[in-house]
Structures are given as structure tokens and as C-alpha cells.
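Have a look at the structure below, then the notes.
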Amino acid sequence: MKTKTLFRTALALTATLATIALASCSAGTSSGTSTAHGTTTVKMAMNSGPEADAMQKVATTYNAGQGKKDGTRVQLVVVHDVDLFTKEATEMRAKSTSIDVYFTTTYLIDQHKAYLTPLTGIDTANYYPNLVKSLSFNGKLYALPTDVSTYVLLYRKDLIDQLLSSASAKQTYASVAQSVLGHTMTPKPPAEWTWDDFIAMAAYFTKSVNPAAPTTYGSIMQTQNNPENIPYWDTLLWSFGGNWVNAGKAAMDSPAGHKAMDVLQTLANKKLIAPNSVNANYAQVQAAMSSGQTAFAMQWNAGFSQLNDPKQSPTTGGHMGIAPVPAGTQRKVHVQALAVGLNKYSQHQDAAMNWLKYLSTPAAMNQYAKSGGAPAMPAVLKENAAVDGAFTPMSQYIKLYGFTEPVPPNGAKYQLFTSLAQILSPAWAATSSGNQALQQADTAITQAWQK
Amino acid sequence: MTVAHGARYYGRTRWALLTPLLAFMALLVIIPVFYGVLTALQHNTLSNPVISFAGLQNFAKVLTDPLFWHSVLFTVQYTIIVVAIEMVLGILIALLFDHHFLGKRFLFSFIIMPLTIASSLIAVVSTLMFDDANGLVPALLRGIGLNISFLSTQRAGVAVMLTDILQWTPLVVLIVYAGLQSVPQDMYESAELDGAGYWQTVGHIVLPYIRPVLYVVVFLRTADAFRTFDNIFALTGGGPGTSTTNVSVYIYTAGFTNGNFGVGAAASVIVLILLFALIPFATRAVRL
């Protein structure tokens, strides 16, 4: 090839690369929303799963009805939750306009609120007041709650009933309790359980302790190093009267903290829970329950309908019971909301508000509940009690026992979740010292409260 | 064309030929690295949209974080172990394929199949293999009376390493096998005439002959293993606890989970500097 030809080839290659680069940059910064025939398309991010499936049905109804009057069309952008929050973090930091409505939660709102437009003209009277409060700052609502989530005790009703009705089983239970707790116990219905009952029941249903047990392990705990498992731990901590802080000072290393840690370490040390508890969150608990490996578990309310459906879970379908989480010195349960907020940099503020106002109506949430969501509106949950067996008990537990964690002065609640999960999770699995972990947790809390 | 004119002409041509590569490097390497260093020097968090100059604070935060050093230690252990095992296994398998046998082509295709599968998918398959509740491997071991939890704190590191070895040994096989094809047949014949056994021939002639190839594979696998993310993130998420947190998971957690891009970028820059140490090894190996 002649030198001139080489020179021209090189120039052509450079031009091609430059064109590709410019095209990539252009695609990356385009708004992604469009206006055609007088209709504005609003893009809303959602995490994949039952919530997105339910929301798609609400969006379809809106697009076919009210959306036409509003001149607004909603399009869901569905991504798996971990990837979704990563994608959203990138979009937010870049002040991108490609997503109009962001998906958020009560525990992420502190990170996200700087990129959200405060919502006005929303009737919040239908929602759980605590959740509205968790999503509000200085009296302004930054995101609309779509789903309410709390922990419940899901149990195999058939197996527990068998134990409660058999005299010989009760004798075995008493001796099993003696071996793991040092004192005998009488089996109680799950709604009355304390954490001691939980441990004794876990032992009774663990084959290595009770060879006649119908399950391999009594339970499975969500003790993975995952910031989203901090509410799980907090439910235990609060049940013993604990909190992150007491009078402005870190209070994890407290009698309540030690009792909560003892529960988890006893379960792990005595091998009364499935060994994959160290890597477990929602999905692993569902798998352990639906396969018949475990007899009961503390789980998100969303898990009940799937486990009790004979089509989805042949082993447990029709046999599941639901009860409040066990009590320590009191019964307490973490409550949180999934929510959606309006991107401050969206070029379709009015259209997105049209959609969010529609979404805040009981009619929209009614359809959402019927399609598999768990709206954060108590009246809608009550109206749809027949749709999901968890709705009525869940509403009751939230009302009686619900709590949300305090927000650190630096606003970085989720960062604190992450630090605490890193510090505490090895101790939950009894692979490191509980005392040391609680002390380190206090250091992390103190730092968060000092900033 | 005079000598001076020709030299000038070729000089221009050389630069013209280099331009696409330089433009490519500027777009994909220099600009992102510059932006990364800039971010590392900033208070740049998700919760506060106002960016301010942080000096070396983010670097100090990373360097004084025990979890960062734990992640570096795990990364180094992970890299040394997986690269060593992959090299040994890869060379042995490549030597095996350097012989003629029935079904060689089919078996070779089968062996290199993991290379065509996404790492995250391999990790999902590994989860299904190693999961204590429903995994195939623990179930088989339970069948012979061994109750081993592969995803426990003590063994999760082994599980992520096995996954890496399963996926990347085929790359070593592929490259080493290609290298073996360049060894002249007469070298084997001469060695045989001199009375050398098979392993003597391999150890003293074949492997030294393909040494540049081996160096390249070691370099590629070391750099890749050091930066592993998808495999660990999908299989253990860096846990249980922080037992399998490597530098990539640390950076991801700092940047995207904690929303602290400044700290994430500072950790990335530190890792980049650590990886720079590999470059002289690679350039010397390929005799640049």
C-alpha cells in the first residue's frame, strides 16, 4: 500500500472513531422521552418483580384512559433492583433527563432527594402517615409511596398445628428446649412467640437436634452482608427495647443489642437455621420455605402469597400461616415504603405530575393491589383483603408494632445501613465476636451522628 | 525522493498511522483516567449535588480504611491462587490437546465453552451448584456423608475461586494451545534423538520456547483476576460479612451503594497504581 493511501486510511479511521464517539455521547445525553401527536411520554424506573408487573397494569389503564385526557403516556423502564439503584445513581449524578420518574425507597430518599422535585397537590390523607413523614423533608413530600413492606412471621401451619395438638410432640419439644435453652418450654401458637420460642421451635424442627423433624432446619435468617438486611436486625434490636441512638448517643452496644445478637448467634452456633443464612435475603428465604427445607421464617410480607399459592409452591401452598414477628421485651417491626419521585431535571415535569397525581388516587392503588402490589394505603389494603391474605394482618402489625429508624443528622441513612451490615453480618453468622461488632457499630453510628 | 524528504514523509505517515490509536486511547483511557483522578480529588457524593475540592482526603479515607486493606489482601490472594491454578491446569490441558485422539475437536469446543458465557451467568450457575439449600455439589457431598457449606464464611473464597477457575482456565488452554502449534516438529524429534523423555522435552524445550506466550497469558489473567467483579458480586456480594470483598466490590460499594463517588474514584486510582507494577513485566515479557 502506498504511503498516501496509508495516510488516507488513517484519516478515515480517525474520522470513523470520532463519529462513533460523538454518536455515543449524543445517545447518552438524549432525554429519552418524546412528544408525538400532542402526547408526552413519561419514563418511570421500576425494580423488576411483582411491583413492576402490577405497575404495568396501572400504567396501561392510565394510558388508555386518563392519560389520553392528560396528553401523557407512561412507559416503565424495568431493571433488577440492585442494578436499578446503580443506574439511578449514575443518572442522578449526571443530572440526566432520560428518566422522568425515579424509583426510590424510604431508606434511599436521603441520597435521592437532591435530585427530586417536591410533589405538590398530592392528597396524602390516604397513606400511612409515618411513611409520608419518612419521604418528607421540611414539610415537602419528595416521593409518592407505592408499596408498604414490613416483616412478618411466615410458618407452616400444618406442621405447627401438628406439634400443638400432639402430647408426645410437646414432650419432645420440652426436652429440645431444655437442650438448647437450658429450660423446658411449652409450644405456643406463633402469634404469641417470643425469641425464646423462636429458638426452641427452630431446634424442634432441625433434624440434627430432633431426628423426627419433618424439615431439615427450623428456620433461615436473612444475615447476608446486605444493607437491606439492617431493618431485619433492627426488628430484633427494637424488640428488646433497643435503638441506634439513645439521647443522641450511639446505643447499639447495649443490653438490647447484646440480647438481639445472642438470638442470632445461638441460632447460628447451634446450627438451627439453614447454613445459607449467611448469604440469605428475600429470595433465599422463599426458596428454603417453598422447598420444605425450613418450617418458618421472618420474611417480608410480600413472600406470603407466593408461598401459600399451590401453583407456585406445591409443597407449602395452602399450608402457610402468618403471624407478627416474635417479641423480645416488646413486639416491634420495621416498616418501609417503596416510592417514586419526580426527576428534578426531567423535561416533562407537568406530564410526570399528571401521572403521579393519578397514581396517588385510591382507584389507581386499588388496581395496583389487585395486580400484585401492596399499596401504602390502609383503606385500599382493607378493601383488598381477599386478594392477598397478608394484607389484613400486615395492616394490623404496622399499626400496632411499626417503627422506622431515625435519620442521622448527616442524612446518610443508607450509608449507615451499608457500614452496619459490613460490621455486624460476620457476627450475625457467629464467625466474629458479637461484642466487638456492637462496639464497632457504635463507632459507625457516632461518626454518622457527628457529621 | 531525497533521503531527507523521505524521512519527513515517513515521519508524517507514522504519526498519521498512530492517530487512530492515539484518538482511541484518548477517548477510552486518558480521558476516563483523568476524570477518575479529578473525581478522586473532589467531595463528590450522591446525597450532595454540590461538588467541592477535597484534596487528598478521599485517598486518606481509603488508605486508613481497614476494609480496603482487607480487600487488597483478598484480591492478591485470589489473584495468585486462581492464576497459578489456571496456568497449571491450562498448560496440562493444552499439552493433552497437542496430541491426536478421537473426538479431540468436539472435546476442545466443549472445554472452551465457558469462555462464551457471561461471567454473571457463570456465577448464577455456580450459585445453583454451591447453594447449601438447593445446590448440586453440597447435595452430592451430603450423599457420601460430608456436610460442607461452600458459601460459609470459611469457604466462600474457595467457591468464588473455583468459579473463576472454571471460567478462565479455557482461555489459558486456548492461548497455550495456539502457542504449542508454533513449536517446530524437529525440536521434538531432536529431543527424542537425544534421549529426552516427554516431560523433559516439555520442561526444557517446549515451555521455554513458548515463554512469551505464557507471559502474556499470565499478564492478561493477573490483570483480569485483580479486577474481577461480576463473578464475586453475583455469587457472594462480597460476603459472608466481608470475607470475599475484593477491590472491585469495595469500589462498587463505595461509589454506588454508599453514593460516595470521590472515595470510589480514589480507591480506583490506588488500584490503578498497584496494577501499573504489572506493566514492565508484560512489556519485558513480549520483548517490546
Side-chain angles (χ1 to χ4, degrees), chain A residues 3-4 6-14 16-18 21 82 85-86 89-90 92-93 95 108 110-115 216-217 220 223-227 274-280 284 287-288 291 293-294 410-412 414-415 417-419 421-429 431-432, chain B residues 6 9-10 12-24 26-28 31 44-51 67 127 130-135 138 142 147-154 156 233-245 252-261:
Chain A
T3 319
K4 267 191 178 177
L6 274 171
F7 190 76
R8 282 173 190 156
T9 311
L11 280 178
L13 263 170
T14 311
T16 310
L17 281 168
V82 176
F85 294 135
T86 304
T90 315
M92 286 174 179
R93 204 69 193 92
K95 299 179 181 173
L108 279 168
D110 306 303
Q111 281 190 2
H112 291 174
K113 69 176 189 293
Y115 307 91
T216 314
Y217 298 100
I220 175 168
T223 52
Q224 184 188 45
N225 173 11
N226 183 334
N276 63 331
S277 292
V278 289
N279 288 300
Q284 286 73 22
S291 65
Q293 191 194 26
T294 55
N410 68 355
Y414 197 64
Q415 280 186 37
F417 270 28
T418 311
S419 303
Q422 282 171 355
I423 293 165
L424 294 169
S425 58
W428 295 337
T431 55
S432 72
Chain B
Y9 197 82
Y10 278 105
R12 276 210 308 266
T13 306
R14 197 167 54 206
W15 278 107
L17 286 170
L18 274 173
T19 304
L21 180 66
L22 292 175
F24 198 69
L27 278 170
L28 295 180
I31 294 173
N44 189 336
T45 63
L46 188 59
S47 52
N48 184 4
V50 180
I51 295 170
L67 181 59
T127 308
F130 295 126
D131 183 71
D132 293 309
N134 308 303
R142 272 196 299 273
N147 206 349
I148 295 175
S149 174
F150 278 92
L151 297 179
S152 65
T153 310
Q154 296 80 6
F233 191 71
L235 189 60
T236 65
T242 52
S243 59
T244 58
T245 298
Y252 175 87
T253 307
F256 292 104
T257 310
N258 288 341
N260 197 331
F261 299 110

Looking only at heavy atoms, what is the nearest atom pair of B:Asn44 and A:Arg93, with distance? OD1-NE, 2.7 Å
Atom group of B:Phe150 that falls short of 4.5 Å from chain A, counting heavy atoms: neither
Do A:His112 and B:Leu46 pass the side chain to side chain contact (heavy atoms under 4.5 Å, CB included) test, and can you show the C-alpha distance, the side-chain angles, and the key distance before you say yes or no? CA-CA 7 Å; A:His112 291 174; B:Leu46 188 59; 4.2 Å; yes
Do B:Thr127 and A:Gln284 have side-chain heavy atoms sitting under 4.5 Å apart? no
Sidechain-backbone polar pair: A:Gln415 side chain, B:Ala254 backbone, donor-acceptor under 3.5 Å: no
Between A:Ile423, A:Asn279, A:Leu108, which residue shows the highest count of heavy-atom pairs closer than 4.5 Å to chain B? A:Asn279
Would you mind telling me which of A:Leu424, A:Thr90, A:Asn225 has the largest number of heavy-atom pairs within less than 4.5 Å of chain B? A:Asn225
Any side-chain heavy-atom pair of B:Thr257 and A:Pro227 under 4.5 Å: yes
Which residues share a ring-ring contact (aromatic ring centres under 6.0 Å, His included) with A:Tyr414, sequence neighbours left out: A:Tyr107
If the condition is side-chain hydrogen bond (donor to acceptor under 3.5 Å, both in side chains), which residues does A:Ser419 pass it with, not counting sequence neighbours? none
A:Gln422 and B:Thr245, any side-chain heavy atoms less than 4.5 Å apart: no
Hey, could you give me the CD/OG1 distance between A:Gln224 and B:Thr236, rounded to the nearest 0.5 Å? 8.5 Å
Heavy-atom pair with the smallest gap, counting every atom of A:Ala89 and B:Phe256: CB-CD2, 4.3 Å
Scored by heavy-atom pairs under 4.5 Å with chain A, the best of B:Leu67, B:Asn48, B:Thr45 is B:Thr45
Answer with side chain, backbone, both or neither: which region of A:Tyr115 has an atom nearer than 4.5 Å to a non-hydrogen atom of chain B? side chain
List the atom of A:Ala114, the atom of B:Ser47, and the distance in Å for their closest heavy-atom pair. CB-O, 3.9 Å
